[in-house]
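This report concerns only the one structure given below.
FYI, side chains are in, hydrogens and waters are out, and symmetry mates aren't considered; it's all heavy atoms of this structure.
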Amino acid sequence: MGDLVRLLEEAGRVARLPDNEHPAGLVTHRHPEGVVSLDCPLACLDLPVRAAKRLRRGSDCRTVGDLLRLLRSGELLDIRGIGVGAEAEIKRTFLRAGIDPDDWRVPERA
């Protein structure tokens, strides 16, 4: 198993993927203070597979903060394949991660 992980990590380096994004979906960063932060990649949320695929294909959303921004702005429903059911699943996923999506202030993008 260790050889496979090393092979995937090498493939990520060759493909010039960010350090926390590998071909097998492995998350290699640590959560500050053990809590999911806005800078964490989407993989940290453990989103439903269908919603995660739609986000990857239909948006440039890569971090928890990006997703929270889309959700709060109402733009999440503009992504093809994301409806009110998927939106509700995503909100539940935020709550499981300890983030109340209705009560978080998201910093504006610079």
Side-chain angles (χ1 to χ4, degrees):
M1 184 69 165
D3 291 338
L4 179 58
V5 170
R6 281 190 292 280
L7 179 64
L8 290 170
E9 287 176 345
E10 181 61 26
R13 278 191 291 277
V14 170
R16 295 190 178 148
L17 293 175
D19 287 339
N20 63 353
E21 189 176 321
H22 290 289
L26 301 173
V27 177
T28 60
H29 78 282
R30 304 269 183 235
H31 294 121
E33 302 168 13
V35 178
V36 174
S37 74
L38 296 179
D39 295 326
C40 287
L42 287 178
C44 292
L45 283 180
D46 197 25
L47 289 165
V49 173
R50 201 176 279 174
K53 284 183 180 179
R54 300 282 194 252
L55 288 169
R56 273 196 305 274
R57 291 181 184 158
S59 73
D60 62 349
C61 181
R62 297 291 176 252
T63 67
V64 173
D66 292 341
L67 180 56
L68 192 55
R69 212 173 277 107
L70 284 173
L71 182 64
R72 295 292 303 269
S73 70
E75 294 174 22
L76 184 63
L77 293 174
D78 294 340
I79 297 171
R80 185 175 180 196
I82 300 283
V84 292
E87 181 184 48
E89 287 179 350
I90 290 169
K91 283 183 178 183
R92 283 192 296 273
T93 302
F94 271 116
L95 291 171
R96 279 194 304 273
I99 298 171
D100 182 353
D102 297 321
D103 194 34
W104 260 62
R105 293 183 50 83
V106 181
E108 293 297 319
R109 283 191 151 177

- Message: side-chain contact (heavy atoms from CB on, under 4.5 Å) for D100 and L95? Distances and angles first, verdict last.
- Response: CA-CA 5 Å; D100 182 353; L95 291 171; 4.2 Å; yes
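Within the structure, every pair that satisfies the side-chain hydrogen bond (donor to acceptor under 3.5 Å, both in side chains) test and touches residues 88-97, not counting sequence neighbours, is listed here: T93-R96.
Annotation: the span from L71 atom CG to E87 atom CD amounts to 5.5 Å, rounded to 0.5 Å. If you take CG on L67 and CD1 on I79, they are separated by 8.0 Å, rounding to the nearest 0.5 Å.
In this structure the side chain of T63 never reaches within 4.5 angstrom of the side chain of L42, judged on heavy atoms. Between L38 and L68, the closest side-chain pair of non-hydrogen atoms falls below 4.5 Å.
Within a 6.0 Å sphere centred on CG of D78, other residues, nucleotides and ligands contribute more than 12 heavy atoms.
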Show every donor-acceptor pair shorter than 3.5 Å between a side-chain atom in residues 51-59 and any protein atom, with sequence neighbours excluded, or say none if there are none.
unit_1 : atom_1 : unit_2 : atom_2 : d
S59    : OG     : L55    : O      : 2.8
S59    : OG     : C61    : N      : 3.2

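For A97, the side-chain contact (heavy atoms from CB on, under 4.5 Å) partners two or more places apart in sequence, or in a different chain, are V36, L45.
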